[in-house]
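Following: one structure in structure tokens, then a few remarks.
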Amino acid sequence: MHREGFCRFPDLIRGPMEFAWSNEQDHVIQRADGTCLYHLANVVDDADFRITHVIRAEEHLSNTPRQIFIAQGLGFSLPQYAHLPYVAEPGSSNKLSKRKLNQYLKNQDFKKLCEHGQQVASAARMATSPDTFNPVIVDFYRAVGYLPDAILNYLVLLGWSLDDRTETFTREEMVRHFSLDRVNKGPASFDPQKLWAFQCRYMQALPAPEKCDMVSPYLQRAGLVGTPASDGERHRIERVVEAAGDRIKTAGDILEFTEFFVSDADLQFDEKAFTKRFSQPGAADLLRRFRDRLVQLAPFDAAATEAALRQFVDEEQIKIGDVIHLLRLAVTGKSVGVGMFDAMALLGRDHSIARIDRALARVS
RNA sequence: GGCCCCGUCGUCUAGCGGUCUAGGACACCGGCCUUUCACGCCGGCAACACGGGUUCGAGUCCCGUCGGGGUCACCA
């Protein structure tokens, strides 16, 4: 390498760069067996492909002089350089590393993202290894059912912005507006919550048919619908997706609504919640009386069941909350979920009644 | 340690000398809505690392200090 003088080059993000050659070491570029080392290969490869812009992470900034030295030695013309800031760990400015997963798990937000993914994976019976299935690896997001555009939109804003208000970009807008001169120099830390927010936003805006397409493979993997899904199953999926609405944040979240895909006999009850609700005095009896009204109701749709319930609580002089939680537990097995009347309409009268009867049977 | 980079709310950022009593977003905290959850709506908290200059005037320019980080392989 040169012993004196400076290596000067413009960086499209950082401006004019200057390194003293005297600080550079002589570097090995080829092994005794003839194989080449990274920097030589890199420079030759770039020249070979007629690379005009080398856009890479900041950790390569200090490698640039030696690569320039090699390129010049070989008589290549130099590409333009742009050194991007790297992505930092949540809440720190250390470089994000896939080897430090355990440490990141101490961050609550990161942990939540991870646990949500794990939940989806286990519900979908996907084999996962902690080394590859975690939020620092892109595959994680694909597996859990994130929207690529949401990830991209989040990522483009990590170290770059268009102005003081625009946050949402389609891919076309990204390519149209992105420019290196608005890239920040400092590292930006990965914020699991903000990524999640983008995912939620994009999911909300996704048209129903596309949402159904995204969600179906998860039900198939879980063995809840056929592959391919029958017309009936397809219709069921559409209705569940519609009823679930915003509650489905990632495609894998469909597996939080398995109660609409299992048989009445296979429905699992949240035992803790069940015990709590049904141990109230008169609970079973109350539910039984409302059940009897459901039997003769026609039509059996959301509006009708709601009207029936409201009339029922009115006559009984109780509050809607006194019975609807029992009803939800009985019909869906859970204490949370889609709107109660949507749930019953979805299942239909026979299944709704059958489930109520099954719940009543376990408490008598 | 040498060399290099960076430094505005907790986080991502806007700001390229006056329009900044510093704007937006996520998060957070209140309130409303409500059958659960989610959504939605309204309101709130919260930052220019510090010290010197330059200037009529500095978050914005210069210097220093402090702080954080990257990189120093016959790895890529």
Whom does [N] pair with, Watson-Crick or G-U wobble, provided both distances fall under 3.5 Å?
{"N": "B:G40", "result": "B:C32"}
{"N": "B:C3", "result": "B:G70"}
{"N": "B:G64", "result": "B:C50"}

Once you round to the nearest 0.5 Å, how far does OG1 of A:Thr168 lie from CZ of A:Phe198?
6.0 Å
Please round to the nearest 0.5 Å and tell me the distance separating atom OG1 of A:Thr275 and atom CG of A:Asp270.
8.5 Å
Integer-rounded Å distance: B:A27 P and A:Phe110 CZ:
18 Å
When rounded to the nearest Å, what value does the distance between [atom1] atoms of [N] and [M] take?
{"N": "B:G64", "M": "B:A22", "atom1": "P", "answer": "31 Å"}
{"N": "B:C28", "M": "B:G10", "atom1": "P", "answer": "16 Å"}
{"N": "B:G1", "M": "B:A58", "atom1": "C1'", "answer": "36 Å"}
{"N": "B:U54", "M": "B:A14", "atom1": "C1'", "answer": "26 Å"}
{"N": "B:A46", "M": "B:U35", "atom1": "C1'", "answer": "36 Å"}

Short side-chain donor-acceptor distance under 3.5 Å, A:Glu115 and A:Gln119
no
Hey, does [X] reach any base, or is it just sugar-phosphate, or nothing, if we go heavy atoms under 4.0 Å?
{"X": "A:Lys249", "result": "sugar-phosphate"}
{"X": "A:Glu24", "result": "nothing"}
{"X": "A:Gly245", "result": "nothing"}
{"X": "A:His83", "result": "nothing"}
{"X": "A:Phe341", "result": "base"}
{"X": "A:Arg201", "result": "sugar-phosphate"}
{"X": "A:Lys334", "result": "nothing"}
{"X": "A:Gly337", "result": "base"}
{"X": "A:Asp246", "result": "sugar-phosphate"}

Comparing A:Ala188 with A:Ile324, nearest RNA chain B nucleotide closer to 5' gives the residue A:Ala188
Here's a test of your reading of the structure: between A:His39 and A:Met340, which maps to the more 5' nucleotide of RNA chain B?
A:Met340
Check if the side chain of A:Arg247 and the base of B:C37 share a donor-acceptor pair of N or O atoms closer than 3.5 Å.
yes
Is it the case that B:A25 (base atoms only) and A:Lys194 (side chain only) share a donor and an acceptor within less than 3.5 Å, ignoring hydrogens and angles?
yes
Should [X] be listed as having a side-chain N or O under 4.0 Å from OP1 or OP2 of [N]?
{"X": "A:Arg182", "N": "B:G15", "answer": "yes"}
{"X": "A:Asn63", "N": "B:C72", "answer": "no"}
{"X": "A:Ser62", "N": "B:C3", "answer": "no"}
{"X": "A:Asn94", "N": "B:G69", "answer": "yes"}
{"X": "A:Arg310", "N": "B:U35", "answer": "yes"}
{"X": "A:Lys185", "N": "B:G7", "answer": "no"}
{"X": "A:Arg66", "N": "B:A73", "answer": "no"}
{"X": "A:Asn184", "N": "B:A14", "answer": "yes"}
{"X": "A:Ser335", "N": "B:C37", "answer": "no"}

A:Phe169 and its ring pair (Phe, Tyr, Trp, His ring centres under 6.0 Å) partner, picked from A:Tyr154, A:Trp160, A:Tyr202
A:Trp160
For A:Phe257, is the NZ or CZ atom of A:Arg247 found under 6.0 angstrom from the centre of its six-membered ring and inside 45 degrees of the ring axis?
no
Would A:Arg221 count as a cation-pi partner of A:Tyr218, with NZ or CZ less than 6.0 Å from the six-membered ring centre and within 45° of the ring normal?
yes
